[in-house]
Amino acid sequence: MLRLMESIQFMRKAPTRIRNVAILLAFGLIPAIVCQLSTREPVDRYIHIRNFRYGKDPSVIRCYRGDRLHLTFSSDDTGHSFFLEEFDIDVKVSPAVEEVTIFSTKDPSNKPFITKELTITAEHPGLLNYLISKSQYRCHVWCGPMHAFEQGKLIILPNTLLCFSLGSLLGVILIWLLGIFRRSTRDPVSPDDPSNWTDLFKKNRWLKKLLVSRWPQILLMFFALTLIYIVIMTSIFGTKMSGRNIGVLLMWVVWLFLIIVVMTPLGGRVWCTICPLPVFGDLIQRGSLFSPRKGRTKGYNNKFFGLSLSWPLTLSNNWLRIIVFLTLATFSTTMVASPRVSGLVILMLLLVPTLMAGIFELRAFCRYLCPVHAFVGPYAGMSKVALRNRSQEVCDKCKAHFCEKGNANGWACPYGLNVGEMKESDKCGLCLECLRSCTYDNVTLFKRPFASERRIRSMSDAWLSMAIFTIAIIYSILYLGHWPEIRDYINILDKKNWDLFGIYTLTLWSMVLFIVPGLFLLLARAGQMLSTVKLRTREIFLSYSASLLPFSLLLWMAFVIPMLFVNMTFVIQSASDPFGWGWDFFGTANTPWHQFLPRYISWIQALLILVGLHLSLRNIVRSWREKGMKPLQQLWLSLPFALFLMGVSAALLLFFTN
């Protein structure tokens with residue numbers, strides 16, 4: 001007992017980060033090492049793989065390290081392939097033919113060989129043999145619009161990654177508990193207080209000059225507009241094979257990856273700074289993209305053209321945006337699998353804000369309807385960059401409110417915001433007009449810790465937080481899962497499964513709008529009852545939904561990373577032949593398909609889930625600590641939310657690693 005107490009004292013005194021790393025390594029490495037003892041003697045396994053639109057049977061192959069797999073193949077409909085890059089095999093399968101042709105994935109120009117049975121040994125070279133437990137086999141022969149989703153999994157036991165992940169999960173839970181009961185003399189830092197943040201303009205004066213100038217922003221907007229034009233043209237008029245259509249690949253592989261993994265975590269809504277969707281609408285409203293026009297329009301200090309109608313007050317929230325986002329999410333598979341549909345949707349997203357700009361004031365589409373805002377808005381609070389005022393006192397004394405109303409130097413805020421009233425980043429589109437219009441030089445960009453904001457103020461914001469979390473889970477199951485039966489529910493392109501699609505739509509909308517929010521309300525009520533604190537269920541519910549954001553953002557990262565890593569070669573190919581018309585601008589149109597780091601994708605996904613869980617558990621505790629609650633109250637208030645998130649994390653770790 002004495003040694004146990006001494007150990008606890010040591011852990012309390014150790015630097016928090018070193019302690020946390022030590023805990024994670026101990027909890028992860030011990031089961032990962034112990035599981036190696038379950039290795040069995042290699043055996044011969046005879047497996048027949050049936051290929052069909054759009055899946056493989058078996059969709060999961062489990063074996064032990066060193067087993068010899070004797071594989072035979074057949075096709076139910078058209079040509080398919082069994083592409084397993086980690087083992088350097090690409091098996092071409094033809095219908096009604098027992099023999100298959102085996103190509104090398106490293107160099108497909110090598111002479112293939114023909115056989116009825118392929119034998120491989122389930123092992124990886126060197127140390128990787130003990131680290132890599134999961135490989136993905138795919139199809140490399142286009143067999144229809146849903147071809148990209150045809151895949152299966154090879155699991156080699158013992159599953160080191162699974163044991164490491166589940167052990168680390170227990171380590172994250174211990175770190176959370178230690179964080180609740182740690183002794184600290186420091187006062188909790190409010191997420192609204194930038195006093196501990198770094199003013200980027202003080203250290204980098206050139207940065208402010210660059211951002212105040214309109215030229216860099218306008219050039220980037222027109223570059224993005226050019227890309228949108230290319231995406232629309234190639235999607236509508238190019239090849240129907242989405243995996244070779246540069247429009248689909250740029251939009252749903254490259255851009256989606258950049259938005260989720262790079263732009264939003266680092267810069268919040270920095271995409272909105274250069275987004276091309278409002279360009280033509282701004283030109284209609286303002287009559288200029290450069291010098292702001294002096295004048296008076298509905299209380300603003302700039303002259304605007306158009307009707308400038310006010311948006312209905314009852315719709316000034318996230319509800320319409322959730323509906324638009326959910327509608328597009330429902331048909332996401334159709335957009336990805338059908339380039340023409342994708343191009344028409346993007347064209348519509350360019351036309352609608354342009355038409356609305358002539359009717360409503362400011363950027364009504366961006367503020368209330370934009371589906372991109374539905375995603376980047378909630379996660380803007382997670383970013384390492386935030387736009388705020390330097391001094392609240394200066395803002396309080398300002399009566400002109402140029403940041404909101406505009407002046408000769410800057411347009412009125414397109415999002416209707418006053419910098420002096422901004423406490424969160426979700427509504428700010430980083431248009432930079434307030435940097436230009438503030439006559440007191442009181443607007444700046446701050447660098448801050450990741451996932452700093454921990455507050456949601458309205459029920460529609462909370463619903464949106466849970467919507468994007470729920471859709472991330474559903475997308476992972478649909479697109480990364482190995483179940484062809486589930487994907488039949490979304491196939492309305494060639495199989496015309498409208499009845500199954502109706503069930504999918506009903507399930508998706510029910511989960512997003514009712515089931516998950518209802519579950520969170522029950523969790524909030526349970527937390528209220530367990531803790532006996534005098535907090536309303538609504539307040540606990542809002543805190544739960546805000547603390548969910550770090551986890552769901554990293555879940556989205558885990559979802560999109562394989563999309564880019566797997567399809568990177570196709571982006572390079574399609575850039576050389578954008579319409580699929582046989583061109584070869586850069587000499588890369590016939591580049592062999594190579595996935596990027598295929599062995600490590602599952603490791604990256606597992607680490608993202610663990611980090612997301614840690615950040616969300618940390619944020620919920622900090623939310624209660626800011627309210628002055630004692631450790632036991634923090635524990636009981638957080639427990640329902642924490643148990644839910646731990647269960648989801650365990651399920652996702654099983655999904656991504658096993």
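Position 1 is the first residue of the sequence; numbering continues from there.
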Original post:
Do R622 and E626 meet the salt-bridge criterion of a basic N to acidic O distance under 4.0 Å?
Top reply: no
**OP:** Check the surroundings of atom OH in Y229: do more than 12 heavy atoms from other residues, nucleotides or ligands lie under 6.0 Å from it?
**Re:** no
Original post:
Would you say the ring centroid of F501 lies under 6.0 angstrom from that of F331?
Top reply: yes
**OP:** Answer yes or no: are there more than 12 heavy-atom neighbours, outside Y489 itself, under 6.0 Å from its atom OH?
**Re:** no
**OP:** Could you check if a side-chain atom of P292 sits within less than 4.5 angstrom of a side-chain atom of N407, using non-hydrogen atoms only?
**Re:** no
Original post:
How far apart are the C-alpha atoms of L555 and S476, what are their side-chain angles, what is the distance that settles it, and do they pass the side chain to side chain contact (heavy atoms under 4.5 Å, CB included) test?
Top reply: CA-CA 9 Å; L555 172 57; S476 296; 4.2 Å; yes
Original post:
Is atom NZ of K405 surrounded by more than 12 heavy atoms (other residues, nucleotides or ligands) closer than 6.0 Å?
Top reply: yes
Subject >> Over 12 non-hydrogen atoms of neighbours within 6.0 angstrom of CZ in F223 >> reply: no
Original post:
With distance as the sole test, does N418 use its side chain to make a donor-acceptor pair with the main-chain N or O of E404 at under 3.5 Å?
Top reply: no
**OP:** List in chain and number order the residues that pass side chain to side chain donor-acceptor pair (under 3.5 Å) with R436, two or more places apart in sequence or in another chain; answer none if no residue qualifies.
**Re:** Q217, E433
Subject >> Residue pair S310, K298: steps toward the side chain to side chain donor-acceptor pair (under 3.5 Å) verdict >> reply: CA-CA 9 Å; S310 298; K298 297 192 66 175; 2.6 Å; yes
Original post:
Taking atom types as modelled, is there a side-chain donor on R269 or S383 under 3.5 Å from an acceptor on the other?
Top reply: no
Original post:
Taking the side chain as C-beta and beyond, is there a heavy-atom pair between F365 and P278 under 4.5 Å?
Top reply: no
**OP:** Would you indicate whether K447, at its atom NZ, is surrounded by more than 12 heavy atoms from other residues, nucleotides or ligands within a distance under 6.0 Å?
**Re:** no
**OP:** May I ask you to test the Y379-I260 pair for a side-chain heavy-atom distance under 4.5 Å?
**Re:** no
Original post:
Once the angle between the rings of W556 and Y475 is folded into 0 to 90°, is it parallel (under 30°), tilted (30 to 60°) or perpendicular (over 60°)?
Top reply: perpendicular
**OP:** Mark yes when over 12 heavy atoms from residues, nucleotides or ligands other than R340 sit less than 6.0 Å from its CZ; otherwise mark no.
**Re:** no
Subject >> S623 vs E539 side-chain heavy atoms within contact, under 4.5 Å >> reply: no
Side-chain donor-acceptor contacts of residues 350-360 below 3.5 Å, not counting sequence neighbours, with atom names and distances?
unit_1, atom_1, unit_2, atom_2, d
T354, OG1, L350, O, 2.9

Original post:
What are the two closest heavy atoms between G238 and N245, and how far apart are they?
Top reply: C-ND2, 3.8 Å
Original post:
CG of L313: more than 12 outside heavy atoms within 6.0 angstrom?
Top reply: no
Subject >> Donor-acceptor pair, side chain of S288 and main chain of F290, under 3.5 angstrom >> reply: yes
Original post:
So do L320 and W311 actually touch side chain to side chain, heavy atoms under 4.5 Å?
Top reply: yes
Original post:
Sub-3.5 Å donor-acceptor pair from the side chain of S545 to the main-chain atoms of S465, do we have one?
Top reply: no
**OP:** State, yes or no, whether a side-chain contact exists between L430 and V385 at a heavy-atom distance under 4.5 Å.
**Re:** no
Original post:
Applying the ring pair (Phe, Tyr, Trp, His ring centres under 6.0 Å) test to W463, which of F541, F520, F514 qualifies?
Top reply: F541
**OP:** Looking only at non-hydrogen atoms, find the nearest pair between W624 and S543 and report the distance.
**Re:** CH2-CB, 3.5 Å
Original post:
Side chains of S308 and Y300: donor-acceptor distance under 3.5 Å anywhere?
Top reply: no
**OP:** Check P378 against H373 and note the closest heavy-atom contact, atom names and distance.
**Re:** CD-O, 3.7 Å
Subject >> Pairwise side-chain contact, L328 with M335, heavy-atom cut-off 4.5 Å (strictly under) >> reply: yes
Subject >> S391 backbone acceptor or donor facing N442 side chain under 3.5 Å >> reply: yes
Subject >> Worked verdict on R388 versus S425 for side chain to side chain donor-acceptor pair (under 3.5 Å) >> reply: CA-CA 9 Å; R388 295 288 192 276; S425 302; 3.2 Å; yes
Subject >> Residues that F446 engages under ring-ring contact (aromatic ring centres under 6.0 Å, His included), provided they are two or more places apart >> reply: W197
Original post:
Are the charged groups of D426 and R457 less than 4.0 angstrom apart, N to O?
Top reply: no
**OP:** Begin with the C-alpha distance, continue with both residues' side-chain angles, and end with the deciding distance and a verdict on side chain to side chain donor-acceptor pair (under 3.5 Å) for N318 and D461.
**Re:** CA-CA 6 Å; N318 276 319; D461 290 347; 2.3 Å; yes
Original post:
Are Y440 and C395 side-chain neighbours, meaning at least one heavy-atom pair lies under 4.5 Å?
Top reply: no
Original post:
Judged by modelled atom types alone, do T330 and Y504 share a side-chain donor-acceptor pair under 3.5 Å?
Top reply: no
Original post:
Hey, does the side chain of T470 reach the backbone of V512 with a donor-acceptor pair shorter than 3.5 angstrom?
Top reply: no
Original post:
Would a distance-only check, ignoring hydrogens and angles, find a side-chain to backbone donor-acceptor pair under 3.5 Å from S437 to F402?
Top reply: yes
Original post:
Is there a donor-acceptor pair under 3.5 Å between the side chain of N204 and the backbone N or O of W206?
Top reply: no
